[in-house]
Amino acid sequence: GALPPSSRGADRKRRVASVHQRDALMGAGPDVSTADVAIVAYKAGNVRSVSNALSELGVNAQVTADPERLAQATHVVFPGVGHAEAAMRDLRQTGLDQVLQELRQPFLGICLGMQLLCEHTQEQDTDGLGLLPVRVSRFPEGEKIPHMGWNSVHGLSGHPLFEGIRDGEDFYFVHSYAAAPSPHTIATCRYGIAFSAALARGNFMGVQFHPEKSAEAGRRLLANFLAM
């Protein structure tokens with residue numbers, strides 16, 4: 001489960017100290033120099049931290065809601081924080097919902113962005129983009145909600161998104177809703193119940209955790225995405 005507040009500081013120090021070790025284990029990572037990345041601009045986007053993480057990889061992503069620019073990009077990132085209903089309302093009002101549904105390049109939804117790729121979320125009884133035939137539900141009572149902190153990700157399926165990342169690697173989560181494991185699950189996590197840490201269907205991929213806040217493992221995952 002997520003770490004209690006009293007242990008997070010010490011745990012974070014251990015993780016920072018091990019970054020160089022994990023960098024050596026994971027290798028230099030794939031070449032991302034040809035990636036032309038667009039980050040979807042909408043009201044629920046956690047744009048700055050994702051943009052900064054991509055910059056650390058040497059990629060200057062453009063934040064845009066322009067349909068032509070989104071269509072031309074080699075890769076599209078769809079971050080998300082906040083509430084599903086407000087986010088989907090904004091996407092529908094701007095017509096971005098239809099634009100995103102028609103994209104054919106590698107597409108990565110992050111946190112709420114992953115949940116919005118699904119057909120429905122229990123949060124405010126909201127229909128998503130329907131790109132993944134998966135339903136999202138609130139965590140059951142029993143564990144502290146939201147699920148917040150580092151947690152291990154398992155069952156890595158051999159999907160290119162997790163190339164060079166060991167099974168059981170830790171990623172950083174902040175969420176109250178989750179997708180149950182399904183045929184489209186490519187990684188799982190456990191917090192009281194098992195849930196999908198990552199989903200994929202064709203060019204559409206989503207991660208429930210925040211790779212931009214997940215140290216070296218998160219950087220490697222982003223680099224893997226950009227190398228697709």
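Nothing here was measured: the structure is a model prediction, and the numbers come from that model. Computed from heavy atoms alone, side chains included, the values below leave out hydrogens, waters and symmetry copies.
The salt bridge (charged side-chain N to carboxylate O under 4.0 Å, His left out) pairs that include a residue from residues 65-83 are Asp36-Arg69, where partners are two or more places apart or lie in different chains.
Here the options are Tyr172, Phe173, Phe209, the test is ring pair (Phe, Tyr, Trp, His ring centres under 6.0 Å), and the partner is Trp150; only Tyr172 passes.
With respect to Arg219 and Glu56, a salt bridge is recorded, a charged nitrogen being found less than 4.0 Å from a carboxylate O. Between Glu85 and Arg89, at least one side-chain N (NZ, or NE/NH1/NH2) sits under 4.0 Å from a carboxylate O, which counts as a salt bridge.
Counting non-hydrogen atoms of neighbouring residues, nucleotides and ligands closer than 6.0 angstrom, the CZ atom of Arg48 reaches no more than 12 such neighbours. Summarising the local packing, NE2 of His83 is surrounded by 12 or fewer heavy atoms from other residues, nucleotides or ligands at distances under 6.0 Å.
A donor-acceptor pair under 3.5 Å is formed between the side chain of Arg104 and the backbone N or O of Glu102.
For His154, the side chain to side chain contact (heavy atoms under 4.5 Å, CB included) criterion is met by Ser152, Asp167, Thr188, not counting sequence neighbours.
Under the 4.5 Å side-chain heavy-atom criterion for ILVMFWY residues, a single connected hydrophobic cluster contains both Met228 and Val77. There is a path of hydrophobic side-chain contacts, each under 4.5 Å, that joins Leu222 to Val63.
A 4.5 Å side-chain heavy-atom check between His75 and Phe225 finds at least one atom pair inside the cut-off.
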For Leu226 and Val37: C-alpha separation, side-chain torsions, deciding distance, then whether side chain to side chain contact (heavy atoms under 4.5 Å, CB included) applies. CA-CA 8 Å; Leu226 297 176; Val37 184; 3.5 Å; yes
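Scanning both residues, His210 and Ser214, for their nearest heavy atoms gives O-OG, 2.6 Å. For Leu57 against Ala223, the heavy-atom pair with the smallest separation is CD1-N, 3.9 Å.
Looking only at atom types and distance, the side chain of Glu123 has no donor-acceptor partner in the side chain of Gln115 under 3.5 Å away.
The hydrophobic cluster containing Leu132 also includes Val40, Tyr42, Leu70, Val76, Phe78, Met88, Leu91, Leu96, Val99, Leu100, Leu103, Phe107, Leu112, Met114, Leu116, Leu117, Leu129, Leu131, Val134, Leu199, Phe204, under a criterion of side-chain heavy atoms closer than 4.5 Å among ILVMFWY residues, counted directly or through chains of members.
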